[in-house]
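Below, all heavy atoms of this structure are taken into account, side chains as well, without hydrogens, waters or symmetry copies.
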Amino acid sequence: MSDTPLFKQLDHIAIVVRDTDEALAFYRDTLGLPVVLSEEIPSGNVRLTHLDMGNVHLQLVQPLTDDHPLHTHLAEHGEGLHHLCFQTNDVCESLASLPARGMRAKSETPHDAPRGRKAGFIDPATTRGVVWEMTGPM
């Protein structure tokens, strides 16, 4: 086990939504959170919209294809909190360090993230059921 923290700081809180434009009526218009960026990630078949909450972003995650796994999540749980994402210095290195910490990655290959970054999820079976994501440079 390492004494070095795995994460640097919280990057975003992710909320899964059925329709980003409808969700913005609440998060942007009612809560007053300004939109920082909205981008479709073709390799992940998702639309990711970041809103500024001051010291952290709120990320709206909308699946774009009918066969996306988040549709099952939405059917079972509805819209709401999906995961917490933390910044790391090197996503590949952080994913590779998980077994030494008693955890495993959902995939050993990072996926595309907004703003040209990469990201990777930690298997929630190894994190006491919490869905954690890490993002940063390769």
Heavy-atom nearest pair, Val17 first then Ala23, reads CG1-CB, 3.7 Å
Judged by atom type as modelled, is there a donor-acceptor pair below 3.5 Å linking the side chain of Thr126 to the main-chain atoms of Asp123? yes
Residue pair Leu33 / Arg28, side-chain heavy-atom distance below 4.5 Å: no
Contact summary for Arg117 and Gly136, nearest pair of heavy atoms: CB-O, 3.7 Å
Lys118 side, atom NZ; Met134 side, atom CE - distance, nearest 0.5 Å: 14.5 Å
Are Leu95 and Leu84 linked, directly or through intermediate hydrophobic residues, by side-chain heavy-atom contacts shorter than 4.5 Å (ILVMFWY only)? yes
For a side chain to side chain contact (heavy atoms under 4.5 Å, CB included) check, start with the C-alpha distance between Met103 and Ile122, then their side-chain angles and the critical distance, and finish with the verdict. CA-CA 7 Å; Met103 297 180 284; Ile122 303 172; 4.0 Å; yes
Let me confirm one number: the NZ-CD distance from Lys106 to Glu133, rounded to the nearest 0.5 Å. 10.5 Å
Side chain to side chain contact (heavy atoms under 4.5 Å, CB included) between Leu37 and Thr49: does it pass, once the steps are laid out? CA-CA 6 Å; Leu37 69 97; Thr49 301; over 6 Å; no
Atom pair CG/CZ of Leu74 and Arg18 - distance to nearest 0.5 Å: 5.0 Å
Specify the closest pair of heavy atoms between Ser97 and Leu6, including all atoms of both residues, with the distance to one decimal. OG-CD1, 3.7 Å
Go through the steps to decide whether Tyr27 and Val35 satisfy the test side chain to side chain contact (heavy atoms under 4.5 Å, CB included), and finish with yes or no. CA-CA 9 Å; Tyr27 293 103; Val35 174; over 6 Å; no
Distance alone, cut at 3.5 Å: any donor-acceptor contact between the side chains of Asp112 and Ser43? yes
So for atom CG, which belongs to Asp29, do other residues, nucleotides or ligands contribute more than 12 heavy atoms lying within a distance under 6.0 Å? yes
Taking every non-hydrogen atom, the tightest pair across Leu98 and Ala105: CD1-N, 3.6 Å
With a 4.5 Å cut-off on side-chain heavy-atom distances among I, L, V, M, F, W and Y, is there a chain of contacts connecting Val61 to Leu81? no
Using side-chain heavy atoms (C-beta onward) and a distance below 4.5 Å, is Gln59 in contact with Ile15? no
Side-chain heavy atoms nearer than 4.5 Å, only ILVMFWY residues, links allowed to pass through others: does that put Trp132 and Leu58 together? yes
With a 4.5 Å heavy-atom cut-off, do Val46 and Gln62 have their side chains touching? no
Just how far is it from atom CG of Asp11 to atom CZ of Phe86, taken to the nearest 0.5 Å? 9.5 Å
Using modelled atom types only, decide if a donor and an acceptor are shared between the side chain of Thr127 and the backbone of Val130 within a distance under 3.5 Å. yes
His111 NE2 to Phe121 CZ distance, which is reported to the nearest 0.5 Å: 4.5 Å
Is it true that His12 and His83 have ring centroids separated by less than 6.0 Å? yes
Can His50 and His57 be counted as having a side-chain donor-acceptor contact under 3.5 angstrom? yes
Quick one: do the Glu76 and His71 side chains pair a donor with an acceptor below 3.5 Å? no
Closest non-hydrogen atom pair between Cys85 and Thr135, with its separation: SG-CG2, 3.5 Å
Around atom CD of Glu39, are there more than 12 heavy atoms from other residues, nucleotides or ligands closer than 6.0 Å? yes
With hydrophobic residues grouped by side-chain heavy-atom distances under 4.5 Å, do Leu31 and Ile13 end up in a single group? yes
When you measure from the side chain of Ser38 to the backbone N and O of Arg47, does any donor-acceptor pair fall under 3.5 Å? no
Do you reckon Ile41 sits in the same ILVMFWY cluster as Val16, going by side-chain contacts under 4.5 Å, direct or chained? yes
Please report the interatomic distance CD(Glu40) to OG1(Thr20), rounded to the nearest 0.5 Å. 9.0 Å
Close side-chain approach of Pro63 to His73, heavy-atom, < 4.5 Å: no
